[in-house]
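This report concerns only the one structure given below.
All values below were derived from every heavy atom in this structure, side-chain atoms included, with hydrogens, water molecules and symmetry-related copies excluded.
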Amino acid sequence: MNYWLFKTEPDVFGIEDLAACPQQTARWDEIRNFQARNYLRDRVRTGDRVLIYHSSCKDVGIAGIAEVVSDPYADPSQFDPQHTLFDARATPGAPRWFCVDVRLLQRFARVLPLKELKREPALAEMVLLRQGRLSVQPVRPQEWEILLSMAD
DNA sequence: GCCAACGTTGGC
DNA sequence: GCCAACGTTGGC
């Protein structure tokens, strides 16, 4: 079982939107970055745990945790000519982009601010703090534990 | 809205 | 394959 951090813009789809979905479950799709795609396709599996991270918004930080409830499958949006993320180079036999389904496990009482993560020495090696612009990224088990204790 | 960082594209 | 130009992400 692996740990991940998924970024989302809450103005588009945030943790409150996930909470409002049937079974608090939604498709995590529209990933169009190769590094993120490779993690999704090759490493993310049913049962993995995910930090839901809110970006480009007022309260930037970790909003809660979710569980991956499907193995990766072809992101349907790549095949839809009406979709802004339609990819003419993708076919059902050779999809280029992938998604998974996630189910909300816990919405934190408060969004754990990015500012606090930056202050915590034990989190200095987090991918989130080391590399920008990666919407699906691995989280180390020890980082996961620290983050959950910080959220209490 | 600014702008730094970084990914992608395309000419050569 | 290099690298400049361009586009996007994302914090502030």
May I ask you to test the A:Ile62-A:Leu117 pair for a side-chain heavy-atom distance under 4.5 Å?
->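 Sidechains of A:Leu117 and A:Ile62: in contact.
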Got a salt bridge between A:Asp75 and A:Arg32, using NZ or NE/NH1/NH2 to carboxylate O under 4.0 Å?
->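 Looking at A:Asp75 and A:Arg32, the cut-off is met.
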Rounded to whole Å, please give me the gap between [atom1] in [X] and [atom2] in [N].
X	N	atom1	atom2	result
A:Arg130	C:dG10	CZ	P	18 Å
A:Phe6	C:dG10	CZ	C1'	19 Å
A:Gln35	C:dT9	CD	P	15 Å
A:Asp59	C:dG10	CG	P	17 Å
A:Leu134	C:dG11	CG	C1'	16 Å

Identify, residue by residue, the members of residues 109-119 of chain A with a heavy atom below 4.0 Å from DNA chain C, and return them in order of residue number, or none.
-> A:Leu114, A:Lys118
Is a side-chain N or O of [X] found less than 3.5 angstrom from the main chain of [Y], in a donor-acceptor match?
X	Y	value
A:Arg130	A:Ala124	yes
A:Thr8	A:His54	no
A:Glu120	A:Ala122	yes
A:Asp101	A:Val69	no

Return no unless some side-chain N or O of A:Tyr53 is found under 4.0 Å from OP1 or OP2 of C:dG11.
->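 Checking A:Tyr53 against C:dG11: at least one side-chain N or O falls below 4.0 Å of OP1 or OP2.
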Ignoring backbone atoms, test whether A:Lys7 places a side-chain nitrogen or oxygen under 4.0 Å from the OP1 or OP2 oxygen of C:dG10.
->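 Answer yes for this pair, as a side-chain N or O of A:Lys7 is under 4.0 Å from OP1 or OP2.
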Do any side-chain atoms of residues 131-144 of chain A form donor-acceptor pairs under 3.5 angstrom with protein atoms, and if so which ones, sequence neighbours left out?
{"unit_1": "A:Gln131", "atom_1": "NE2", "unit_2": "A:Gln35", "atom_2": "OE1", "d": "3.0"}
{"unit_1": "A:Gln137", "atom_1": "OE1", "unit_2": "A:Leu128", "atom_2": "N", "d": "2.7"}
{"unit_1": "A:Gln137", "atom_1": "NE2", "unit_2": "A:Leu134", "atom_2": "O", "d": "3.0"}
{"unit_1": "A:Arg140", "atom_1": "NH1", "unit_2": "A:Glu125", "atom_2": "O", "d": "3.0"}
{"unit_1": "A:Arg140", "atom_1": "NH1", "unit_2": "A:Glu143", "atom_2": "OE2", "d": "2.6"}
{"unit_1": "A:Glu143", "atom_1": "OE1", "unit_2": "A:Arg140", "atom_2": "N", "d": "2.9"}

Select base, sugar-phosphate, or nothing to describe what A:Ser56 touches, counting heavy atoms under 4.0 Å on all strands.
->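 Answer is base: heavy atoms of A:Ser56 come under 4.0 Å of a base.
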Is A:Glu9 touching bases, backbone alone, or none of the nucleic acid, heavy atoms closer than 4.0 Å?
->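 Result for A:Glu9 = nothing.
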Run the side-chain donor-acceptor check on residues 85-98 of chain A: report pairs under 3.5 Å with partners two or more places apart or on a different chain.
{"unit_1": "A:Asp87", "atom_1": "OD1", "unit_2": "A:Arg89", "atom_2": "N", "d": "2.9"}
{"unit_1": "A:Asp87", "atom_1": "OD2", "unit_2": "A:Arg96", "atom_2": "NH1", "d": "2.5"}
{"unit_1": "A:Asp87", "atom_1": "OD2", "unit_2": "A:Trp97", "atom_2": "NE1", "d": "2.8"}
{"unit_1": "A:Thr91", "atom_1": "OG1", "unit_2": "A:Ala94", "atom_2": "N", "d": "3.0"}

Where do A:Asp48 and A:Glu67 land on the side chain to side chain contact (heavy atoms under 4.5 Å, CB included) test, with the steps shown first?
-> CA-CA 6 Å; A:Asp48 286 356; A:Glu67 178 181 14; over 6 Å; no
Name the pairs: protein N/O against N/O of nucleotides 4-8 of chain C, kept only if under 3.5 Å.
{"unit_1": "C:dG7", "atom_1": "N2", "unit_2": "A:Arg133", "atom_2": "NH1", "d": "2.7"}
{"unit_1": "C:dG7", "atom_1": "N2", "unit_2": "A:Arg133", "atom_2": "NH2", "d": "3.4"}
{"unit_1": "C:dT8", "atom_1": "O2", "unit_2": "A:Arg133", "atom_2": "NH1", "d": "2.9"}
{"unit_1": "C:dT8", "atom_1": "O2", "unit_2": "A:Arg133", "atom_2": "NH2", "d": "3.2"}

To the nearest 10 degrees, what angle separates the axes at the start and end of the helix from B:dG1-C:dC12 to B:dC12-C:dG1, five pairs each?
-> 10°
Testing A:Tyr53, A:Tyr39, A:Trp28 for ring-ring contact (aromatic ring centres under 6.0 Å, His included) with A:Phe6, which one passes?
->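 So the option named by the test is A:Trp28.
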Residues passing the side-chain hydrogen bond (donor to acceptor under 3.5 Å, both in side chains) test with A:Asn38, sequence neighbours excluded, are A:Arg41
